[in-house]
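Start at 1 and go down the list; that is how both ligands and their atoms are numbered.
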Amino acid sequence: MKPRSLLHLAVLLGTVACAQKADTDADADAEAGGLDPLGDEDGDGYSNGEEADANSDPLDASDVPYIGGWRKGDCRDDVAPTGDGVGQVAGDFALLDQFGETVHLHDFCDRTVMLEFSGFT
Ligand SMILES: [Ca+2]
Ligand SMILES: [Ca+2]
């Protein structure tokens, strides 16, 4: 198999400016939404409890937990880009992570993100 070019994205989650707390009780979140934590309302292969823990939408089959275990930020849909300069909020983009999964920058809102790029051919 011929190797393909790909961008490699390594994401390091920092401990600074994290407005979210760890979700240690996914069942409580799923139940709070009125969903059975063991059910799979959208049929995407992830239980409602798993989706609550990963902060993906249990009613949207296109929104699934990241394989790498990155929890999506609560504010991901509310990020307002301001520019590409230092101190500004960059626009959203998507790249492949080390698991070959597409990840979006804005899914890591309110966290420190380090991007490492390398090319393979
Ligand atoms: Ca699901
Ligand atoms: Ca889903």
Side-chain angles (χ1 to χ4, degrees):
M1 176 181 207
K2 182 179 176 185
R4 300 182 306 175
S5 295
L6 78 115
L7 289 175
H8 174 82
L9 167 67
V11 179
L12 176 65
L13 301 178
T15 58
V16 179
C18 181
Q20 300 175 16
K21 63 178 178 62
D23 182 1
T24 57
D25 186 1
D27 291 351
D29 286 351
E31 289 168 0
L35 302 174
D36 175 2
L38 300 178
D40 181 8
E41 295 298 313
D42 58 8
D44 61 7
Y46 294 93
S47 72
N48 299 327
E50 290 172 316
E51 296 218 51
D53 193 37
N55 205 26
S56 61
D57 187 344
L59 301 176
D60 180 355
S62 68
D63 189 19
V64 296
Y66 283 135
I67 293 170
W70 322 121
R71 189 172 195 279
K72 296 179 179 182
D74 293 329
C75 53
R76 62 186 167 137
D77 295 327
D78 300 325
V79 177
T82 59
D84 295 329
V86 174
Q88 294 182 310
V89 178
D92 196 21
F93 59 87
L95 293 171
L96 295 178
D97 69 5
Q98 64 268 43
F99 303 103
E101 185 173 31
T102 301
V103 297
H104 295 263
L105 178 65
H106 286 182
D107 283 348
F108 302 98
C109 60
D110 282 343
R111 286 182 258 178
T112 302
V113 176
M114 183 182 85
L115 302 176
E116 177 186 322
F117 294 89
S118 58
F120 300 92
T121 57

- Item | Note, H104 side chain near Y66 side chain (heavy atom, < 4.5 Å) | yes
- The OD2(D42)-the Ca ion (ligand 2)-OD2(D44) angle, to 10°, is 90°
- Grab the two heavy atoms, one from C109 and one from G73, that are nearest each other, plus how far apart they are. SG-CA, 3.9 Å
- In E51, the N/O/S atom nearest the Ca ion (ligand 1) carries the name OE2
- When you measure from the Ca ion (ligand 1) to each N, O or S atom of D40, which atom gives the shortest distance? OD1
- Message: Treating D40 as the side-chain partner and D44 as the backbone partner, does any N or O pair qualify as donor plus acceptor under 3.5 Å?
- Response: yes
- Query: Can K72 be said to sit on top of F108's aromatic six-ring, NZ or CZ under 6.0 Å from centre and within 45° of the ring axis?
  - Reply: no
- Query: With a 4.5 Å heavy-atom cut-off, do V89 and V79 have their side chains touching?
  - Reply: yes
- Note on the structure: Vertex the Ca ion (ligand 2), ends D57/O and D63/O: angle to nearest 10° comes to 100°
- Message: Restricting to N/O/S atoms, is N48 within less than 3.0 Å of the Ca ion (ligand 1) or not?
- Response: no
- the Ca ion (ligand 2) is nearest to which N, O or S atom of D60? O
